[in-house]
Trainee: 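After the structure tokens below, expect a handful of questions from me.
Residue indices begin at 1 and follow the sequence shown. These figures come from a predicted structure and were not determined experimentally.
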Amino acid sequence: MRRTGTSLILTAALAALAATALAPSPGRGQAGSLERFDGTWTLTSGRRALDDAIDRVADRMNVFIREIARGEMHRRLSAERRVRLVVHDEEHVSLGFDDWGPVRLRLDGPARSVRGPEGDGIRLSMHLARGRLIAHQDADQGDRTSVFAVSGDGEHLSMGVRIGADQLPADIRYRLRYRRTR
């Protein structure tokens with residue numbers, strides 16, 4: 001009986017050592033998943049999701065400002081037609097939307113002060129978590145988080161967006177879908 005218990009412990013210890021030795025290093029695993037994001041992506045769907053998200057938030061506003069706010073949000077927010085992600089190495093990625101950027105960022109680095117797509121000052125940071133690339137923009141009037149995920153076949157990109165501002169009764173949340181063009 002004792003020999004069986006010792007054998008089980010030894011077998012478990014050897015299996016754990018083998019799994020550790022065979023597992024890719026964190027840097028290599030991260031770089032491999034990061035490389036999947038590299039490319040130019042063109043919008044295929046989601047414009048309606050953005051319109052619906054704006055309408056849901058506007059419907060929660062005071063009846064006297066609701067329609068003015070709805071029009072202003074529809075005027076100011078648009079679905080990015082093109083996303084450009086350039087993976088320089090396992091620590092640096094550039095991000096660009098339509099005619100804005102690209103802006104080179106250090107993954108998990110401090111937020112970088114840059115001019116946003118509308119010319120306003122924003123603080124932009126990016127990190128990789130659980131196979132998703134996350135960009136966070138912080139501006140004086142609000143913030144935006146964009147979460148990028150690549151499909152299993154590597155040909156499609158989804159971008160989940162959350163926009164928050166003190167003036168809004170709730171966050172604007174929507175998802176856009178893209179296909180790889182390069």
Trainee: Going hydrophobic residue to hydrophobic residue with side-chain gaps under 4.5 angstrom, can you get from Leu85 over to Val87?
Mentor: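 The answer is yes; both residues are in one hydrophobic cluster.
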
Trainee: Tell me, do Trp41 and Thr181 make a side-chain contact under 4.5 Å, heavy atoms counted?
Mentor: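 Counting from C-beta outward, Trp41 and Thr181 never come under 4.5 Å.
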
Trainee: Has the side chain of Arg36 got a donor or acceptor atom that lies under 3.5 Å from a matching backbone atom of Ser151?
Mentor: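 Judged by distance alone, yes, a pair lies under 3.5 Å.
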
Trainee: Is it the case that the side chain of Tyr178 and the backbone of Glu155 share a donor-acceptor pair, with hydrogens and angles ignored and the cut-off at 3.5 Å?
Mentor: no

Trainee: So do the side chains of Thr40 and Arg82 get within less than 4.5 Å of each other, counting heavy atoms only?
Mentor: yes

Trainee: Closest approach of Asp38 and Arg180, non-hydrogen atoms and distance?
Mentor: O-NH1, 2.6 Å

Trainee: I want to check something: taking the side chain as every heavy atom from C-beta on, are Leu105 and Leu124 in contact at a cut-off of under 4.5 Å?
Mentor: yes

Trainee: Quick check: closest heavy atoms across Gly116 and Ile122, and the distance to 0.1 Å?
Mentor: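 Nearest pair, atom of Gly116 first, then Ile122: CA-CD1, 3.8 Å.
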
Trainee: Which atoms form the tightest heavy-atom contact between Leu128 and Ser33, and what is the distance?
Mentor: CD2-OG, 3.7 Å

Trainee: Counting only heavy atoms from other residues, nucleotides and ligands, does the tally under 6.0 Å from CZ of Arg66 exceed 12?
Mentor: yes

Trainee: Would one find more than 12 heavy atoms of other residues, nucleotides or ligands at under 6.0 Å from atom CG of Asn62?
Mentor: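 It does: Asn62 CG has more than 12 such atoms within range.
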
Trainee: Between Arg84 (side chain only) and Asp99 (backbone N and O only), is there a donor and an acceptor less than 3.5 Å apart?
Mentor: no

Trainee: Answer yes or no: is there a side-chain heavy-atom contact under 4.5 Å between Leu107 and His92?
Mentor: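 Leu107 does not reach His92 side chain to side chain.
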
Trainee: Check the side chains of Ser125 and Arg123 for a donor-acceptor pair under 3.5 angstrom, ignoring hydrogens and angles.
Mentor: no

Trainee: Can Asp52 and Arg48 be said to form a salt bridge (Lys or Arg N to Asp or Glu O under 4.0 Å), step by step?
Mentor: CA-CA 6 Å; Asp52 291 346; Arg48 184 70 200 157; 3.0 Å; yes

Trainee: Measure from the side-chain N and O atoms of Trp100 to the backbone N and O of Arg115, and report whether any donor-acceptor pair falls under 3.5 Å.
Mentor: yes

Trainee: Determine whether Leu133 and Val147 make a side-chain contact, defined as any pair of heavy atoms from C-beta on separated by less than 4.5 Å.
Mentor: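 Heavy-atom side-chain distance check fails, nothing below 4.5 Å.
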
Trainee: Looking at Arg162, I want to see if its CZ is surrounded by more than 12 non-hydrogen atoms of other residues, nucleotides or ligands under 6.0 Å.
Mentor: yes

Trainee: In the structure I gave you, are the side-chain heavy atoms of Glu80 and Met159 within less than 4.5 Å of one another anywhere?
Mentor: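 Glu80 vs Met159: side chains touch.
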
Trainee: Answer whether the closest heavy-atom distance between the side chains of Phe37 and Leu157 falls below 4.5 Å.
Mentor: yes

